[in-house]
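Sharing a structure with you now.
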Amino acid sequence: MTAAQARSPSLTVLGIETSCDETAAAVVRLDDGRAEVVSDVVWTQIEEHAPYGGVVPEIAARSHVEKLDAVIAEAMAKGGLGFADLDGVAATAGPGLIGGVMVGLMTGKAIALARGLPLMAINHLEGHALSPRLAAPLPFPYLLLLASGGHCQFLAVEGLGRYRRLGSTVDDAAGEAFDKAAKVLGLGFPGGPAVERAARDGDPRRYPLPRSFLGQPGCDMSFAGLKTATMRAAQALPDGALQDRADLAASFQAAVVDVIADRAANAMDMAGDAAARLVVAGGVAANGPLRARLEALASARGAEFHAPPLRYCTDNAAMIALAGAERLTAGFTDRLDAPARPRWPLDAAAAAARPVHVPGRKGAKA
Ligand code: KG4
Ligand code: ZN
């Protein structure tokens, strides 16, 4: 990373996101710390991966190659902008499926090189961490639960580039567990919204499923045991059995919510000043019952609760453009040889001290 010269207060940045199964481009204007989403285009590959019940990396990378140029052109056209109107280009440089990351990062580099613009190589997780600031002003520090298909962690977000990981899943991400539960219940992909829908008609007390780490110190999480127990219960169901399936979906979701709420209470105890604001981001933050429980927790402790609009919870390029604009404002840009990185922890020190990645494990969106 190199320090660039201080820029004018109003910056317009193109963001590019291709780390998983969304091909996305967006333009964000940052004016005196206030973000305006000028355009926000997301082309989802969900249908291409649906037959496989999870994201197939090779299909994802090829699809990004096919779609990205058009998605960028659409984002620029919707904003009524030409490349000459941009102050910089931000592209996700990891972590993610490496083929897709390379497609987006190379494209960002090409635009930066051709137009003489600064490049910001963005950590996808930093994009999620800052995403709540797209919707409304949100001052640092805050406590963030980042829960998506590939990640599940509590972070104290202390400032731009200053993230303290307080705890994380020791096995599967919560979204991965939702996707798996949906698969065994025959609910389709992606799993989260399908499980939430099915759970509305179900009895959450019907199946007593495991709640790992509940009541224990710290804020690490585990969902592998719950995933396996849900799978066993689903396999024991007779064909059809719609009510049983709804009950199992509801029981599964209740277990996830119980675990996350219990861990979030401890995370608030550990977060210091950041505990004044509890924020959720990542695809799983779209879950209604989870939001409601965390909102109640925050309010019981006199903390603010922030949940970005759903379109900023799931993968998008506006959060990448915002991270890029904030970095550009702070004078941080990257060289054109910035690498694409399959793994890239936000808090490198915590990741080195307590690695949580289990080699070989692949979630739907890991
Ligand atoms: O952040 P995201 O779009 O992609 C990454 O993983 O980076 O998150 C997608 C994940 C999927 O696992 C999906 O099943 C989950 O978020 N998800 C949900 C809901 N909507 C999406 N999980 C629970 N309830 C939902 N309503
Ligand atoms: Zn994501």
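For this chain, numbers begin at 1 and follow the sequence in order. Just follow the structure's listing: the first ligand is 1, and inside any ligand the first atom is 1. Just so you know, these numbers use all the heavy atoms, side chains as well, and skip hydrogens, waters and symmetry mates.
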Review point. In chain order, what residues pass the ring pair (Phe, Tyr, Trp, His ring centres under 6.0 Å) check against Phe140, with sequence neighbours excluded?
Key: Tyr142
Revision key, fill the gap. If you count every protein N, O or S atom closer than 2.8 Å to the Zn ion (ligand 2), you should arrive at 3
Review point. Under a heavy-atom criterion of less than 4.0 Å, does His124 contact ligand 1?
Key: yes
Revision key, fill the gap. When Val280, Val256, Val284 are each screened for side chain to side chain contact (heavy atoms under 4.5 Å, CB included) with Leu290, the one that passes is Val284
Practice item. State if His128 counts as touching ligand 1 under the rule of any non-hydrogen atom under 4.0 Å. Key: yes
Revision key, fill the gap. If we number the atoms of ligand 1 from 1 as shown, the ones under 4.0 Å from a heavy atom of Phe178 are 22 (N), 23 (C)
Review point. Any N or O of Glu22 that comes nearer than 3.5 Å to an N or O of ligand 1?
Key: no
Exercise for review: Please tell me if the side chains of Leu14 and Phe83 come closer than 4.5 Å, counting only heavy atoms from C-beta onward.
Suggested key: yes
Point to revise | Residue pair Asn316 / Glu22, side-chain heavy-atom distance below 4.5 Å | key: no
Review point. Is it the side chain (CB and beyond), the backbone, both or neither of Asp179 that lies under 4.0 Å from ligand 1, heavy atoms counted?
Key: side chain
Check your understanding: Would you call Leu130 and Leu160 a side-chain contact if the rule is heavy atoms closer than 4.5 Å?
Key -> yes
Practice item. Report the member of Gly192, Pro289, Gly96 with the shortest heavy-atom distance to atom 25 (C) of ligand 1. Key: Gly192
Exercise for review: Find all atoms of ligand 1 within a distance of less than 4.0 Å from any non-hydrogen atom belonging to Gly175, and give their numbers and elements.
Suggested key: 12 (O)
Check your understanding: Would Tyr312 end up clustered with Val71 when hydrophobic side chains under 4.5 Å apart are linked, directly or stepwise?
Key -> no
Practice item. Please confirm whether Gly150 comes under 4.0 Å of ligand 1, counting heavy atoms of the residue only. Key: yes
Point to revise | Check: Phe252 ring centre within less than 6.0 Å of Phe178 ring centre | key: yes
**Study point:** Ion pair check, Glu58 and Arg62, cut-off under 4.0 Å
**Key:** yes
**Study point:** Gly282 N/O to ligand 1 N/O under 3.5 Å
**Key:** no
Check your understanding: Is Asp85 salt-bridged to Arg29, cutoff N-O under 4.0 Å?
Key -> no
Point to revise | Side-chain heavy-atom pair Glu126, Arg327 within 4.5 angstrom cut-off | key: yes
